[in-house]
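What follows is one structure encoded as structure tokens, with my remarks underneath.
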Amino acid sequence: QVQLVESGGGLVQPGGSLRLSCAPIGFNWDRYAVGWFRQPPGKAREGITCISNTTGGGTTYYADSVKGRFTLSSDNSKNIVSLQMTKVEFEDSAVYHCATLRRCAGPPRDTDTDHWGTGTLVIVSP
């Protein structure tokens, strides 16, 4: 089975922090960029961040909605990409998906993806 798996979602208070992780299952993702998308309830999916490679030292992109609060990084030794969320806001509540991308050169787009995870739910609530 070839897919991505996300972990780390849950309930977090406004202003708090949460760390999401993404890992590949059944394939080598070294030649891919990786992005995160999120879909709040009843709203469209949004590409919020991406990193140009999974092996370390990649360039990153952040949407304005998360810039300065979220940090995306790759750990080649653990074969994961992590999304550190800080200063979370109610508007950050969503299902978060990671996906492999052919490139990271701006907002992640569905049309640039090859593999997806099933998502992890983040709820921001007091």
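Residue K87 comes nearest to R69 through the heavy atom pair O-NH1, 3.0 Å, listed as atom of the first residue, atom of the second, then distance.
Y96 meets the ring pair (Phe, Tyr, Trp, His ring centres under 6.0 Å) test with no other residue; sequence neighbours excluded. When the side-chain contact (heavy atoms from CB on, under 4.5 Å) test is applied to K78, the partners found at least two apart in sequence or on another chain are D75, I80. Here K67 pairs with Y62, D64 under the side-chain contact (heavy atoms from CB on, under 4.5 Å) rule; sequence neighbours left out. S7 meets the side-chain hydrogen bond (donor to acceptor under 3.5 Å, both in side chains) test with no other residue; sequence neighbours excluded. Residues meeting the salt bridge (charged side-chain N to carboxylate O under 4.0 Å, His left out) test with D30, sequence neighbours left out: none.
Grouping Ile, Leu, Val, Met, Phe, Trp and Tyr by side-chain contacts under 4.5 Å, direct or through others, puts I25 with V5. Hydrophobic cluster membership for F37: L101, W116 (Ile, Leu, Val, Met, Phe, Trp, Tyr linked by side-chain heavy atoms under 4.5 Å, directly or transitively).
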Discussion item. Evaluate R103 against D112 for side-chain contact (heavy atoms from CB on, under 4.5 Å), listing each step before the verdict.
Written reply: CA-CA 7 Å; R103 59 186 177 275; D112 283 342; 3.6 Å; yes
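Side-chain heavy atoms closer than 4.5 Å link hydrophobic residues (I, L, V, M, F, W, Y) into clusters, and following such links, even through other members, never connects I123 to V12. No continuous path of ILVMFWY side-chain contacts below 4.5 Å connects L121 to V124, so the two sit in separate hydrophobic clusters.
The line from OG1 of T49 to CG of L72 is 4.0 Å long, rounded to the nearest 0.5 Å. From R102, atom CZ reaches atom CZ of R109 across 9.5 Å, with rounding to the nearest 0.5 Å. Here CZ of R31 is found 14.0 Å from CG of N53. Values are rounded to the nearest 0.5 Å. Separation of atoms CG (D92) and CD1 (I48) is listed at 8.0 Å; rounding is to 0.5 Å. With rounding to the nearest 0.5 Å, the separation of CD1 in I51 from SG in C98 is 12.5 Å. Interatomic distance, CD of Q3 versus CD of Q1, reported as 4.0 Å (0.5 Å rounding).
The salt bridge (charged side-chain N to carboxylate O under 4.0 Å, His left out) contacts involving residues 4-15 comprise nothing, where partners must be two or more places apart or lie in separate chains. Applying the ring-ring contact (aromatic ring centres under 6.0 Å, His included) test to residues at least two apart or on different chains, the pairs with a partner in residues 2-32 are F27-H115, Y32-H115. Residue pairs meeting the disulfide bond (SG atoms under 2.5 Å apart) criterion with at least one partner in residues 33-77, sequence neighbours excluded, are C50-C104. Residue pairs satisfying the salt bridge (charged side-chain N to carboxylate O under 4.0 Å, His left out) criterion with at least one member in residues 44-56, sequence neighbours excluded, are listed as follows: R38-E46, R45-D110.
Remark: side-chain polar atoms of T100 are not paired, donor with acceptor, to backbone N or O of V34 under 3.5 angstrom.
Side-chain atoms of P108 and Y61, non-hydrogen and from C-beta on, do get closer than 4.5 Å to each other. Between F90 and P126, some side-chain heavy-atom pair lies under the 4.5 Å cut-off.
Partner of S74 under the side-chain contact (heavy atoms from CB on, under 4.5 Å) criterion, out of V81, T60, N79: V81 alone.
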Report all side-chain donor-acceptor pairs from residues 15-22 shorter than 3.5 Å, counting only partners two or more places apart or in another chain.
{"unit_1": "R19", "atom_1": "NH1", "unit_2": "Q84", "atom_2": "OE1", "d": "2.7"}

